[in-house]
Number of protein chains: 4
Amino acid sequence: MSDKKKRILQATETLLAEHGFHGVSMQMVAKEAGVAAGTIYRYFEDKDDLLHQLHDHILAHVANKISQNVSDDMPLQHRFRTMWLNIWNMATQEDAPLINRGQFENLPRRESHEQKLLEKKMFAKVSTLFEEGKASGLFKNLDNEILSALSLEPSICLARKHINGVYKVNDDALEAAIQASWDAIIQH
Amino acid sequence: MSDKKKRILQATETLLAEHGFHGVSMQMVAKEAGVAAGTIYRYFEDKDDLLHQLHDHILAHVANKISQNVSDDMPLQHRFRTMWLNIWNMATQEDAPLINRGQFENLPRRESHEQKLLEKKMFAKVSTLFEEGKASGLFKNLDNEILSALSLEPSICLARKHINGVYKVNDDALEAAIQASWDAIIQH
Amino acid sequence: MSDKKKRILQATETLLAEHGFHGVSMQMVAKEAGVAAGTIYRYFEDKDDLLHQLHDHILAHVANKISQNVSDDMPLQHRFRTMWLNIWNMATQEDAPLINRGQFENLPRRESHEQKLLEKKMFAKVSTLFEEGKASGLFKNLDNEILSALSLEPSICLARKHINGVYKVNDDALEAAIQASWDAIIQH
Amino acid sequence: MSDKKKRILQATETLLAEHGFHGVSMQMVAKEAGVAAGTIYRYFEDKDDLLHQLHDHILAHVANKISQNVSDDMPLQHRFRTMWLNIWNMATQEDAPLINRGQFENLPRRESHEQKLLEKKMFAKVSTLFEEGKASGLFKNLDNEILSALSLEPSICLARKHINGVYKVNDDALEAAIQASWDAIIQH
DNA sequence: AATGAATGAGAATTCATTCAT
DNA sequence: AATGAATGAATTCTCATTCAT
């Protein structure tokens with residue numbers, strides 16, 4: 001990807017996190033990226049396209065981060081813990097500003113079929129985890145979407161509160177939260 | 001509250017849900033509410049104030065809905081189930097358009113101390129539930145913010161997927177999800 | 001018609017005549033008309049609509065001017081001469097700046113059926129002249145469009161040259177031109 | 001003339017006819033001509049110069065077309081008829097797109113003295129026709145500009161209506177129009 | 001209290017022109 | 001000579017806000 005295009009995407013993400021969804025103008029993006037306003041339109045059709053592409057860009061980054069240090073031959077609970085913490089770290093370490101401000105969900109998305117297949121592939125390690133857990137009888141027999149909402153999304157939710165300063169999570173609480181997330185999806 | 005003020009708030013919520021955060025102008029609000037543009041400024045200082053007040057307005061509505069049919073002398077699990085379903089129903093029955101579109105979080109908020117106290121009071125029944133659960137040794141000894149993130153927020157998360165059409169939750173899955181949310185916070 | 005709307009149309013006509021079709025911006029129109037840029041959009045949907053309405057406005061003016069001092073009971077040649085001179089005077093007296101610069105034809109037109117009927121009605125006196133002339137056997141038996149192209153449009157053509165300074169027409173030449181236009185359409 | 005220069009002029013004419021005066025950008029011209037945007041500036045100083053040169057280019061083409069198959073030893077009326085039809089054919093056969101759309105007149109012109117002399121020379125056959133006609137007593141004793149406005153310009157005028165679809169001219173009407181144009185300028 | 005015409009700054013986008021390659 | 005990425009001023013149009021009525 002061209003250097004300028006990367007800088008524009010990066011600038012957009014930074015500004016969106018800082019100023020929220022409204023209040024980010026193309027001029028601001030241009031200035032932050034250090035390019036002329038017109039230059040943005042060489043790489044993106046219009047503002048909508050810029051936001052769409054930013055969505056895809058971030059999603060790829062997120063999928064990559066979540067899968068970090070996870071291999072399919074690790075024990076289930078170890079894999080789960082690693083992914084849970086990957087999400088937590090990503091959201092709390094400010095390297096994904098849009099995620100931890102809850103602004104990512106509001107980016108306009110392309111709802112195409114290819115897009116969905118792509119997303120599925122990107123989060124393959126999560127699917128694998130849930131499928132294996134269910135096959136082994138360890139996890140509840142629920143669809144992956146539900147398992148995810150019960151166990152991984154609380155990580156984002158907590159991280160957001162942590163970042164916003166609404167509530168500070170300490171190390172013990174963090175471990176307990178991971179355990180509780182695990183409790184939510186395993187058979188008892 | 002004056003009739004016109006109510007109509008303005010109602011119109012704003014409807015339009016926000018429909019057109020997203022950008023694309024709602026004061027002219028549009030005025031038209032939808034059936035008042036003149038200038039009239040809005042009799043009830044709200046500026047656009048920001050309108051959105052702030054809308055935030056408070058919706059939050060009050062939400063707090064009210066969540067607590068519906070919940071009294072402090074009901075058994076813990078019954079109370080939990082009722083609140084979980086109150087959230088689910090509110091989000092899926094389209095009577096809180098901003099919530100189920102995930103746009104509520106993006107409303108500008110006042111981060112004052114009074115605001116926080118007020119919110120605490122509004123969600124008193126939730127706090128009471130968690131406190132009693134912990135006191136009785138049934139719940140894990142975690143802060144309410146964490147318990148909420150583990151058990152109630154998945155309800156919103158699922159409802160959103162359900163509404164968006166990303167994933168349809170059937171009745172059995174719903175019951176299982178409630179049970180799993182409960183599993184997340186109780187001691188094992 | 002509102003005073004502001006009139007001023008905007010007037011300003012647009014003046015500027016178009018002066019700067020040609022390109023080089024007239026909405027800002028310029030606003031400044032010339034003494035209104036704010038946004039005000040134009042209260043009266044006209046967009047720039048296209050402004051130009052369309054200007055077209056209609058001018059056409060009405062032209063139709064009115066052409067028919068001045070013409071009544072259907074005047075002798076044919078007298079009517080013809082009056083209309084020919086009405087055109088000439090309008091174009092040379094600078095009160096129809098767009099006409100005499102040949103910019104009028106380039107205004108975007110609405111090609112609707114109603115528009116055509118309206119135009120027909122506006123130029124009724126011209127039609128009547130040609131029809132009577134043909135019925136009496138004085139004029140050649142040609143369609144009005146052709147008769148007009150042969151006899152009245154040369155008036156505009158000459159006026160344009162006169163205004164542009166390409167060629168100055170004196171009074172004798174003017175009378176001769178009217179006579180020649182007449183010769184073009186009568187039987188010999 | 002260089003091949004690229006020709007292609008640029010050709011592309012400009014095509015685009016102007018299609019998109020009108022606004023709506024033709026240098027980028028579009030470059031693309032249509034199959035050259036890079038910067039290349040245009042090797043052959044033309046700026047956009048204005050491009051349009052000026054296009055004007056001259058077209059005028060030369062027109063002058064050439066009008067004089068086709070006309071030699072000074074042909075009988076007057078035959079010469080007149082040939083030129084009248086040359087104009088008609090050129091305008092109706094789409095090989096002079098700017099003429100028959102009435103956009104040619106709006107091209108910016110250089111109003112220099114040399115330009116005028118050049119134009120005079122280019123239309124020498126027209127001048128000769130009129131001068132001979134007047135010398136022989138056949139034509140009215142009017143300046144060439146007037147004779148032209150009375151007899152040849154109606155051809156363009158009619159052709160434009162024909163092309164625009166405002167009015168379709170059939171073969172009989174065409175002959176009659178030529179005859180009427182002739183009637184306009186001969187002595188009676 | 002209520003209106004809605006008017007404002008003008010600011011938004012997205014285009015485009016003539018330049019210049020390093 | 002030719003390229004085409006880059007520029008940034010200018011364009012059309014919107015919109016929060018004001019104010020005379």
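Within every chain, numbering begins at 1; the chains are lettered A, B, ... in the order of the sequence lines, protein sequences first and strands thereafter.
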### Query
Want to settle it: does A:Ser25 or C:Ser2 sit nearer the 5' end of DNA chain E, counting the closest nucleotide to each?
C:Ser2
### Value in whole Å for how far the C1' atom of E:dT17 lies from CG of D:Asp46
9 Å
### Task
Output all residues satisfying salt bridge (Lys or Arg N to Asp or Glu O under 4.0 Å) with A:Glu119, sequence neighbours left out; order by chain, then residue number.
A:Arg109
### Query
Taking only residues two or more places apart in sequence, or in another chain, which ones meet C:Asp56 in a salt bridge (Lys or Arg N to Asp or Glu O under 4.0 Å)?
C:Arg110
### Query
Can you tell me how far P of F:dT14 sits from CZ of C:Arg42, to the nearest Å?
12 Å
### Task
Calculate, to the nearest 0.5 Å, the distance between atoms OG1 and NE2 belonging to A:Thr14 and A:His19 respectively.
11.0 Å
Enumerate all atom pairs, one protein N or O and one N or O from nucleotides 18-21 of chain F, separated by less than 3.5 Å.
none

### Query
A:Lys161: what forms a salt bridge (Lys or Arg N to Asp or Glu O under 4.0 Å) with it, not counting sequence neighbours?
B:Glu145, B:Glu153
### Message
Does the Lys NZ or Arg CZ of D:Lys5 fall within the cation-pi geometry relative to D:Phe44 - under 6.0 Å from the ring centre and within 45° of the axis?
### Response
yes
### Separation of atom CE in C:Met26 from atom C1' in E:dT7, rounded to whole Å
15 Å
### Task
Between F:dA6, F:dT3, E:dA12, spot the one nearest the side chain of D:Thr39, thanks.
F:dT3
## Note on the structure
Residues passing the side-chain hydrogen bond (donor to acceptor under 3.5 Å, both in side chains) test with C:Asp49, sequence neighbours excluded, are C:Gln53
### Student check: side-chain heavy atoms of C:Leu59 and C:Leu118 closer than 4.5 Å
no
### Task
State whether the distance check finds a donor on one side and an acceptor on the other, under 3.5 Å, for side chain B:Gln27 versus base F:dA16.
yes
### Task
Give A:Val24 one of three labels, base, sugar-phosphate or nothing, depending on what nucleic acid heavy atoms sit under 4.0 Å from its own.
sugar-phosphate
### Task
Find the distance between CE (C:Met26) and CG (C:Leu50) and round it off to the nearest 0.5 Å.
5.5 Å
### Message
I'd like to check the ring-ring contact (aromatic ring centres under 6.0 Å, His included) partners of D:His57; sequence neighbours left out, ordered by chain and number.
### Response
none
### Query
If you measure from CE on B:Met28 to CG on B:Leu16, what distance do you get to the nearest 0.5 Å?
9.0 Å
### Query
With C:Ser25, which residues qualify under side-chain hydrogen bond (donor to acceptor under 3.5 Å, both in side chains), at least two apart?
none
### Message
Counting only heavy atoms and a strict 4.0 angstrom limit, can you tell me which residues of residues 3-11 of chain D come near DNA chain E?
### Response
none
### Query
In whole angstrom, what separates D:Met28's CE from E:dA16's C1'?
14 Å
### Message
Just the rounded figure in Å: distance from P of F:dC15 to CD1 of B:Ile40.
### Response
13 Å
### Nearest-Å distance for atom pair NZ/C1', residues B:Lys31 and E:dA5
16 Å
### Task
Would you check if D:Leu107 and D:Ile58 make a side-chain contact, meaning some heavy-atom pair closer than 4.5 Å?
yes
### Task
Can you sort out the partners of D:Lys65 under side-chain hydrogen bond (donor to acceptor under 3.5 Å, both in side chains), two or more places apart, ordered by chain and number?
D:Asp95
### Query
Which of residues 47-55 of chain D sit near DNA chain E, with a heavy atom under 4.0 Å from it?
D:Lys47
### Partners meeting salt bridge (Lys or Arg N to Asp or Glu O under 4.0 Å) with B:Asp3 (sequence neighbours left out)
B:Arg7
## Note on the structure
Base-paired stretches in DNA chain E with three or more consecutive Watson-Crick or G-U pairs, both distances under 3.5 Å, amount to E:2-21 with F:2-21
### Task
Starting from C1' on F:dG4, measure out to OH on A:Tyr43 and report it in whole angstrom.
11 Å
